[in-house]
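Here's the structure, in structure tokens; my notes come after.
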Amino acid sequence: MWAKLITGLIVVYLLIAVGLGVYWSSEPDVWDVPRVVEQDAAALGKQPAIGFATTSTMIRLGNSLLEKPGGYITNDITPPGLWLDNIANWEFGVLVQIRDMSRALRKDIARSQSTSREDVDLARAEPQLHFDHKSFWFPSTESEYRRGIQYLEAYQVRLLDDDVSNAQFYARADNLRNWLADVETRLGSLSQKLSASVGKEQINVDLAGDAAARQSTRSPQEMRLKTPFTQIDDVFYEARGASYALIHLLKAIEIDFKDILEKKNAMVSLRQIVRELESTQQSVGSPMILNGSGFGIFANHSLVMANYISRANAAIIDLRRLLEQG
């Protein structure tokens, strides 16, 4: 009798865990950035200032990680969160973009020049957001990230203060180029890992273009690159999360850097990047990420994702060149 009771409880627990797992695996919807920015500013009784859109979007992305169905899942140590590696990798993709933007704010965008003082709240927010993303407690990842978000909120409020010495956001072409350079390297890496799902032979071009270049250890002239089968879905969902975050950040950039983008006639280029990234958010029609080879009979979801990521990355390179022009 006890065996049947225990077995029944285990079955019920597993059914509940599976149901919760399906629900917790759902990704948040893309939101209307301009409308939400207006709402956030109205809630503070102010008109949006330069930089408010970017900061507001970062805060909302951070809260999305912590408050979506199931909350923050990456550091879960019990089912069903323990089983949900896809949404955990999606979270990491979003988190990397938040971290990169927080570093860009602290290092460049909130400072008038390299010798000026860094903003006190941004200096506290960045290390909080770089805390170990898998820590369960003592302290927990969620508590550290919430503290980082609070510092961003403090900076955001100070941006709306009329005191010019309080907080600043310098919407300059060089600041935007520096952040886009980080985005470019992130997307380039994801594109390579996605494309390597089928394996490919590649000539070593690490030192190409510089006859005097050297590296610490020797590398073979030809290499075979292949993302292991067990990591294909991990890279796929990390790219999907990174794209989700970038869609919102680029829409915020469109608001805060509007004058620069219009002066450089680069607004259309920015919107095309967003359009490419929006394609990465289409519903996945398969219960699992397929890894068909080349032109085989099975789909290769990684190559489709790599196509969108590569096109967005190429457009970012073109946008950075455009911003460099006088």
Side-chain angles (χ1 to χ4, degrees), residues 2-30 61-99 129-146 148-149 186 189-190 193-194 196-198 226-246 280-292 298-306 309:
W2 285 107
K4 290 183 179 179
L5 178 61
I6 294 174
T7 301
L9 290 175
I10 292 175
V11 170
V12 170
Y13 171 75
L14 290 176
L15 289 175
I16 293 174
V18 170
L20 282 176
V22 173
Y23 176 58
W24 288 1
S25 294
S26 59
E27 302 164 12
D29 295 329
V30 174
L61 283 171
N63 286 328
S64 294
L65 285 180
L66 303 177
E67 299 171 2
K68 63 179 175 53
Y72 185 74
I73 291 173
T74 300
N75 63 343
D76 284 5
I77 60 174
T78 59
L82 182 63
W83 302 333
L84 306 179
D85 63 327
N86 288 344
I87 193 66
N89 283 287
W90 181 92
E91 289 175 344
F92 185 69
V94 174
L95 178 61
V96 168
Q97 296 306 319
I98 295 175
R99 287 173 169 176
L129 295 171
H130 279 77
F131 183 76
D132 180 11
H133 67 291
K134 293 184 178 181
S135 176
F136 179 67
W137 57 13
F138 300 126
S140 68
T141 298
E142 292 92 333
S143 65
E144 296 301 292
Y145 289 173
R146 284 194 178 94
I149 292 171
R186 296 292 189 188
S189 176
L190 288 171
K193 289 189 287 187
L194 289 165
S197 60
V198 296
K226 183 172 176 61
T227 301
F229 176 77
T230 55
Q231 297 177 16
I232 291 299
D233 60 335
D234 296 343
V235 179
F236 179 90
Y237 279 99
E238 181 185 344
R240 193 170 167 92
S243 299
Y244 175 87
L246 283 172
T280 67
Q281 303 302 299
Q282 299 176 64
S283 299
V284 181
S286 170
M288 63 180 296
I289 302 303
L290 299 179
N291 185 36
F298 294 106
N300 189 307
H301 294 111
S302 294
L303 290 184
V304 175
M305 179 67 76
I309 295 292

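The structure presented is a predicted model; accordingly, all values stated were derived computationally and were not measured.
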To the nearest 0.5 Å, what is the distance between [atom1] ([X]) and [atom2] ([Y])?
| X | Y | atom1 | atom2 | value |
| --- | --- | --- | --- | --- |
| Ile309 | Lys193 | CD1 | NZ | 11.5 Å |
| Asn300 | Phe236 | CG | CZ | 10.0 Å |
| Ser283 | Glu27 | OG | CD | 9.0 Å |
| Arg146 | Leu65 | CZ | CG | 11.0 Å |
| Glu144 | Leu129 | CD | CG | 10.0 Å |
| Glu67 | Glu142 | CD | CD | 11.5 Å |

Side chain to side chain contact (heavy atoms under 4.5 Å, CB included) with Thr141: which residues, sequence neighbours excluded?
->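 Counting only residues at least two positions away or on another chain, Thr141 forms a side chain to side chain contact (heavy atoms under 4.5 Å, CB included) with Tyr72, Asn75, Phe131, Ser135, Tyr145.
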
Are Asn86 and Ser25 side-chain neighbours, meaning at least one heavy-atom pair lies under 4.5 Å?
->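 Counting from C-beta outward, Asn86 and Ser25 never come under 4.5 Å.
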
Atom of [X], atom of [Y] and distance for their closest heavy-atom approach:
| X | Y | result |
| --- | --- | --- |
| Ile289 | Asp233 | CG1-CB, 3.9 Å |
| Ser143 | Pro139 | OG-CB, 3.9 Å |
| Ile98 | Gly62 | CD1-N, 3.7 Å |
| Ile232 | Ser302 | CG2-OG, 3.1 Å |
| Ala242 | Leu190 | CB-CD1, 4.0 Å |

Show your working on side-chain contact (heavy atoms from CB on, under 4.5 Å) between Thr74 and Leu95 and close with a plain yes or no.
-> CA-CA 11 Å; Thr74 300; Leu95 178 61; over 6 Å; no

Ring pair (Phe, Tyr, Trp, His ring centres under 6.0 Å) partners of His133, counting only residues at least two apart |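 With sequence neighbours excluded, His133 shows a ring pair (Phe, Tyr, Trp, His ring centres under 6.0 Å) to Phe92, given in chain and number order.
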
Under the ring pair (Phe, Tyr, Trp, His ring centres under 6.0 Å) test, which residues partner Tyr244, sequence neighbours left out?
->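 Ring pair (Phe, Tyr, Trp, His ring centres under 6.0 Å) list for Tyr244, sorted by chain: Trp90, His248.
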
Using only atom types and a distance under 3.5 Å, with no angle test, would you say the side chain of [X] pairs donor to acceptor with the backbone of [Y]?
| X | Y | answer |
| --- | --- | --- |
| Glu91 | Ile73 | yes |
| Ser189 | Arg186 | no |
| Asp76 | Thr78 | no |
| Gln281 | Arg240 | yes |

